[in-house]
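These figures come from a predicted structure and were not determined experimentally.
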Amino acid sequence: MPELPEVENVVRSVAAHLAGRRIISTRFTSRFVTPGNRAKLTQRLAGRRIESVRRRGKFILIALDQGTLTVHLGMTGKLLLEKALTPGQAGEHTHGVFHLDDGMLLYHDPRQFGRIEFSEGAPPRVARLGPEPLEISFEEFRARLRRKARIKALLLNQTFLAGLGNIYADESLFAAGIHPLTIASKLTDTRAKKLYDAIQGILTQAIQLGGSSISDYVNAQGERGWFQMEHRVYGREGEPCANCGRPIGKILVAQRGTHYCAACQKK
DNA sequence: ATCGGTACCTGCACGC
DNA sequence: TGCGTGCAGGTACCGA
């Protein structure tokens, strides 16, 4: 679920509530979400003050008065604010509980692909990320396309651009009229510019609409997104293409379901 | 250095 | 009804 627009909305829905809060205590129950020594993590977080919350790629960076807490939502992770001052009954898939000086923050993640990690300095996983798609210049974007990988795979590669996932990669390629199996280095300047514009336009609109709630995505206040109404190919296999009316196809690229229109998207 | 395939974990839809 | 299979918003890691 959570790609750049969803993570951005989670951050926006949580930032004002968390800034300035103090962490009283925490509890973590998954060896996958919180790998390593969980008792040590709990110990390091106790008493810390939250300075700010921001997004980098699909990562949520929570700056503390000492160190940084990095949260990645994986496929099914959610951060949820609980205004109740008393600890609620943790659900089956609640793997993180942050008891704050004002309210509570829960981490919920059925598949446990998400991660909650503490680091003293800059988190190492974040250091490897490519540029932000909404900040990169066209010139740099063009230069980074000089690779032989298939464009869909490249868009999913977080060291190429940070934040695109399966939904927005498919939607961007459709909007740009580019076949997902196109070799990136073979894109002309004109088509590269179309893709650049498509990525920025789609991400911007998706952020404004609160992200895509295709299954159960909600922000930290429990609010759904509406960009799924704007999807043209993702999840629309067999439906008529909005452009030409031919059925939307689905293939496997980089082990991911890839939705596209064979007539409108050319290699 | 790059690329593609596999593994990680749980829930759900689908076909028999 | 019940069970096996495949698939799902993501990323790390391995071998080629």
Side-chain angles (χ1 to χ4, degrees), chain A residues 1-11 28-36 55-60 70-79 91-96 107-117 123-130 133 143-173 180-186 202-203 206-207 209-220 224-231 233-238 250-259:
Chain A
M1 147 202 13
E3 304 179 29
L4 187 153
E6 290 75 34
V7 178
E8 178 65 26
N9 274 281
V10 169
V11 166
F28 303 106
T29 52
S30 167
R31 64 190 174 96
F32 303 105
V33 172
T34 42
R55 178 192 62 75
R56 173 78 173 94
K58 299 174 193 170
F59 288 85
I60 299 165
T70 304
V71 178
H72 194 292
L73 301 174
M75 292 275 251
T76 53
K78 289 181 196 171
L79 276 183
E92 184 189 355
H93 297 301
T94 300
H95 299 296
Y107 180 77
H108 187 268
D109 188 357
R111 288 181 73 180
Q112 296 168 257
F113 281 172
R115 296 290 180 269
I116 299 174
E117 291 163 318
R125 301 177 71 198
V126 173
R128 294 181 231 130
L129 294 176
R144 296 177 75 87
L145 282 174
R146 306 217 175 279
R147 297 171 60 161
K148 72 166 185 185
R150 298 165 297 185
I151 187 62
K152 165 73 185 270
L154 201 52
L155 292 181
L156 293 176
N157 183 340
Q158 301 298 295
T159 68
F160 170 73
L161 279 186
L164 286 178
N166 210 32
I167 295 175
Y168 298 104
D170 282 2
E171 293 299 323
S172 297
L173 288 171
L181 292 176
T182 307
I183 301 302
S185 59
K186 295 192 174 174
I202 283 169
L203 290 180
I207 290 171
L209 291 181
S212 300
S213 289
I214 60 171
S215 172
D216 60 351
Y217 162 74
V218 289
N219 68 18
R224 295 169 55 81
W226 298 100
F227 190 74
Q228 66 278 8
M229 310 294 291
E230 305 297 322
H231 293 178
V233 287
Y234 185 86
R236 296 193 180 281
E237 181 187 12
K250 186 177 179 186
I251 57 175
L252 206 59
V253 183
Q255 313 305 117
R256 310 297 301 279
T258 297
H259 316 73

Q: Would you indicate, yes or no, if B:dG11 has its OP1 or OP2 atom less than 4.0 angstrom from a side-chain nitrogen or oxygen of A:H93?
A: yes
Q) Can you tell me if A:E6 and A:Y168 form a side-chain donor-acceptor pair at under 3.5 Å? A) yes
Q) Using the C1' atom in both, what is the distance from B:dT6 to C:dG6, to the nearest Å? A) 16 Å
Q) So what does A:A149 hit on the nucleic acid, given a heavy-atom distance under 4.0 Å: a base, only sugar-phosphate, or nothing? A) sugar-phosphate
Q) If you check the A:R128 side chain, which of C:dG10, B:dC3, C:dA12 turns out closest? A) C:dA12
Q: Could you tell me whether the phosphate oxygens of C:dG10, OP1 or OP2, come under 4.0 Å of any side-chain nitrogen or oxygen in A:R256?
A: yes
(Q) Measuring from the side chain of A:E92 (C-beta onward, heavy atoms only), which nucleotide among B:dC8, B:dG11, C:dA8 has the closest atom? (A) B:dG11
Q: Would you mind telling me which of B:dG5, C:dA8, C:dG10 lies closest to the side-chain atoms of A:N166?
A: C:dG10
Q: State whether A:K58 places a side-chain N or O below 4.0 Å from either non-bridging phosphate oxygen (OP1 or OP2) of C:dG10.
A: yes
Q.
The side chain of A:Q112 is closest to which nucleotide in this list: B:dT10, C:dT11, B:dG4?
A. B:dT10
Q) Does C:dA12 have a Watson-Crick or wobble mate here (both distances under 3.5 Å), and if so which one? A) B:dT6
Q: Assess whether one donor atom and one acceptor atom, taken from the side chain of A:R125 and the base of C:dA12, lie less than 3.5 Å apart.
A: no
Q | Identified side chain to side chain contact (heavy atoms under 4.5 Å, CB included) partner of A:V33 from the options A:F113, A:F28, A:Y107 | A | A:Y107
Q: Provide the closest heavy-atom pair for A:F160 versus A:L154 in the form atom of the first, atom of the second, distance.
A: CD2-O, 3.3 Å
Q.
Base, sugar-phosphate or nothing for A:Q255? Non-hydrogen atoms, less than 4.0 Å.
A. base
Q | Phosphate OP1/OP2 of B:dC3 contacted by A:R147 side-chain N/O (<4.0 Å) | A | yes
Q.
Under 4.0 Å, counting only non-hydrogen atoms across every strand here, what does A:F32 touch: a base, just sugar-phosphate, or nothing?
A. sugar-phosphate
